[in-house]
Amino acid sequence: MTAKRQDTFAYAPRGLSRDEAARYIGVGVTKFDEMVSDRRMPKPKRVDGRVVWDRISLDAAFSDLPSDGENLIDSILNGRGLHA
């Protein structure tokens, strides 16, 4: 008897669908489309007939968004280190 292999990711996938990308940055699909259109979020990559957003590009674009206060992660990602 063979053990049934579970098909789940133990890590976040690099490529995200439109719905997943919107959910990943915490907005609805309509707002995400607007942010892609005005270049606050990156354009997708094309893989044959699919459009896929790069999670790392989404992270970088999200870090570039203005915020009410800087956090440590954004400071590090923007190269300002701990003592910005």
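This one's a predicted model, so the numbers in the text were calculated from it and none came from an experiment.
- Note on residues 28-38: pairs passing side-chain hydrogen bond (donor to acceptor under 3.5 Å, both in side chains), not counting sequence neighbours, are Arg18-Asp33, Lys31-Glu34, Glu34-Arg40, Asp38-Arg40.
- No side-chain donor-acceptor contact under 3.5 Å links Arg14 to the backbone of Ile56.
- The side-chain contact (heavy atoms from CB on, under 4.5 Å) test with Phe62 is passed by exactly one of Leu65, Asp59, Leu58: Leu65.
- The stretch residues 15-50 participates, sequence neighbours left out, in these ring pair (Phe, Tyr, Trp, His ring centres under 6.0 Å) pairs: Phe32-Trp53.
- Linking ILVMFWY side-chain heavy atoms closer than 4.5 Å, directly or via other members, places Val36 and Val51 in a single hydrophobic cluster.
- Separation of atoms CE (Met41) and CG (Asp64) is listed at 8.5 Å; rounding is to 0.5 Å.
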> Given Val52 and Glu20, is the side-chain contact (heavy atoms from CB on, under 4.5 Å) satisfied, shown in steps?
Replying inline: CA-CA 10 Å; Val52 180; Glu20 291 167 334; over 6 Å; no

